[in-house]
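These notes are about the structure you will find just below.
Numbered from 1 within each chain, the chains take letters A, B, ... in sequence-line order.
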Protein chains: 2
Amino acid sequence: MKIADKHEKIVHAAIKVFARNGFYNSKIAEIAKEASVADGTIYLYFNNKYDILITIFEEEIGRIILKVKREMAKLDDPKEKLIRFAQIHLSLVEENKELAEVIQVELRQSSKFVKEYRNKKFAEYLNIISQIVKQGQAEGIFRKDVMPGVFKRAFFGALDEMSRFWVLSSKKKYGVNTAAQQISAFFLNGILSN
Amino acid sequence: MKIADKHEKIVHAAIKVFARNGFYNSKIAEIAKEASVADGTIYLYFNNKYDILITIFEEEIGRIILKVKREMAKLDDPKEKLIRFAQIHLSLVEENKELAEVIQVELRQSSKFVKEYRNKKFAEYLNIISQIVKQGQAEGIFRKDVMPGVFKRAFFGALDEMSRFWVLSSKKKYGVNTAAQQISAFFLNGILSN
DNA sequence: GCCAAATGAATGAATATACATTCAGTAATT
DNA sequence: AATTACTGAATGTATATTCATTCATTTGGC
């Protein structure tokens with residue numbers, strides 16, 4: 001087995017275990033077992049338990065941001081971009097339930113380091129939204145009195161809460177598309193001029 | 001000092017300490033110190049560390065739900081109710097930053113028990129929103145194609161993300177009222193018929 | 001009104017446990 | 001044969017919880 005494989009195997013085992021128990025209730029031994037690896041092996045790839053969490057963050061979230069940005073670049077119309085953003089956000093959550101749970105639950109943990117770290121990556125993600133709003137305002141499609149800094153949080157928050165519901169409950173009455181359409185419709189009709 | 005006072009003192013010390021360090025990084029000794037009480041005394045009032053968290057949840061959140069419900073009962077117009085809900089939610093967060101942080105961060109922790117517990121109280125809170133939507137739809141003020149179950153999450157999520165920003169960053173560019181107005185405007189214009 | 005038992009609240013040092021981390025030894029790869 | 005990867009039992013630490021003891025308050029007998 002190649003080294004990269006083992007690193008990845010441990011990261012994915014950790015995502016599973018953290019999602020199941022939460023970071024503080026997860027034992028290294030459990031991650032090791034899930035990855036079919038000895039406890040000690042984990043320390044050949046990571047400095048400590050905490051480091052695994054940070055790695056999940058770095059590697060997996062970076063990937064997601066990239067994906068969304070690329071998708072946005074394909075579209076011109078800010079209105080369409082917003083709808084697509086909602087769709088892609090929710091479907092990424094759906095496809096990566098365990099990762100989503102770790103991000104949503106654990107990375108809100110208040111360790112100063114994680115908090116600052118989260119904020120950087122997170123700000124980048126939120127700014128994709130405010131950029132869309134600014135573009136729309138420049139083009140006269142969105143109302144000028146909409147504050148992009150408030151909007152980005154409100155829009156993201158709406159999607160995020162919706163995802164939490166999915167991640168935690170698992171018995172959903174409506175699909176990703178319905179939810180994405182509803183949510184972007186709430187907001188869009190709200191910020192479209194006239 | 002009355003017994004009730006000591007119980008309260010410990011709860012409030014715990015809110016402070018949990019907000020500062022997170023639940024798992026908070027030591028009973030620190031809570032005891034913050035409450036000016038011996039470590040052992042805490043076990044006269046609570047079964048264990050966990051029990052303190054649950055108590056915070058029960059007592060403090062129950063209070064908040066009650067407050068919001070009362071406030072809603074004063075109004076008739078669903079449109080006004082929604083605006084007022086946003087205002088009161090955000091200002092309650094502002095007035096109880098530490099509690100808000102504990103709720104937002106710690107009670108998302110994935111211990112099964114807390115999760116289920118949160119869900120009960122939380123569902124109650126969310127349903128205040130969907131009730132408003134249903135009322136508005138019955139009165140013909142809100143569009144019929146709005147799904148109350150999606151709306152409640154989107155609306156709450158928007159407010160919640162806004163609060164998180166406040167709680168975590170503390171340097172805000174706009175006040176509670178601005179944010180509440182913006183957010184309810186996004187949604188209201190989005191769900192009002194024609 | 002005073003004192004001595006009795007009660008039970010509060011203390012904090014001692015205990016017990018749970019786990020992250022280490023490392024001496026083993027296996028695999030070159 | 002040497003190097004590198006891996007193992008998992010042993011170690012050390014951190015801290016939640018306990019409990020024997022102290023302290024404060026109340027009770028009631030004189």
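B/Glu139 meets the salt bridge (charged side-chain N to carboxylate O under 4.0 Å, His left out) test with no other residue; sequence neighbours excluded. For A/Asp145, the salt bridge (charged side-chain N to carboxylate O under 4.0 Å, His left out) criterion is met by A/Arg143, not counting sequence neighbours. A search for side-chain contact (heavy atoms from CB on, under 4.5 Å) contacts involving B/Ala14 returns B/Phe18, B/Ile31, B/Ile52, B/Ile56, not counting sequence neighbours. Residues satisfying the side-chain contact (heavy atoms from CB on, under 4.5 Å) test with A/Leu44, not counting sequence neighbours, are A/Thr41.
Each end of the helix from C/dG1-D/dC30 to C/dT30-D/dA1 gets its own rotation axis from five pairs of C1' atoms, and the angle between them is 0° to the nearest 10 degrees.
Taking atom OH of residue A/Tyr45 and atom C1' of nucleotide D/dT7, one finds them 13 Å apart after rounding to whole Å. In this structure, the CG atom of B/Asp39 is 14 Å from the C1' atom of D/dA14, given to the nearest Å. Rounded to a whole Å, the CG atom of B/Asn21 is 16 Å from the P atom of D/dA14. Atom-to-atom, NE2 of B/His7 to P of C/dA10 comes out at 13 Å; the value is rounded to the nearest Å. Distance, A/Leu44 CG to D/dG8 P: 13 Å, rounded to whole Å. At whole-Å resolution of the value, CD1 in A/Ile10 and C1' in D/dT7 are 13 Å apart. Note: NZ (A/Lys6) to P (C/dA27) measures 15 Å, nearest angstrom. The CD1-P distance, from B/Ile42 to D/dT15, rounds to 15 Å in whole Å.
Separation of the B/His89 and B/Tyr125 ring centroids falls under the 6.0 Å cut-off. When ring centroids are compared, B/Phe23 and A/Tyr24 stay outside the 6.0 Å threshold.
Using modelled atom types, no side-chain atom of A/Glu30 and backbone atom of A/Val17 make a donor-acceptor pair closer than 3.5 Å.
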Polar pairs (N or O, both sides) under 3.5 Å between protein and nucleotides 16-20 of chain C?
| residue | atom | partner | partner atom | Å |
| --- | --- | --- | --- | --- |
| C/dA20 | OP1 | A/Ser26 | O | 3.2 |
| C/dA20 | OP1 | A/Lys49 | NZ | 3.2 |
| C/dA20 | OP2 | A/Ile28 | N | 2.8 |

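Ring-plane geometry between A/Phe156 and A/Phe122 is classed as perpendicular, the angle between the planes exceeding 60 degrees on a 0 to 90 degree scale with a lower cut at 30.
Note that CD of B/Glu8 is 12.5 Å distant from OG1 of B/Thr55, once rounded to the nearest 0.5 Å.
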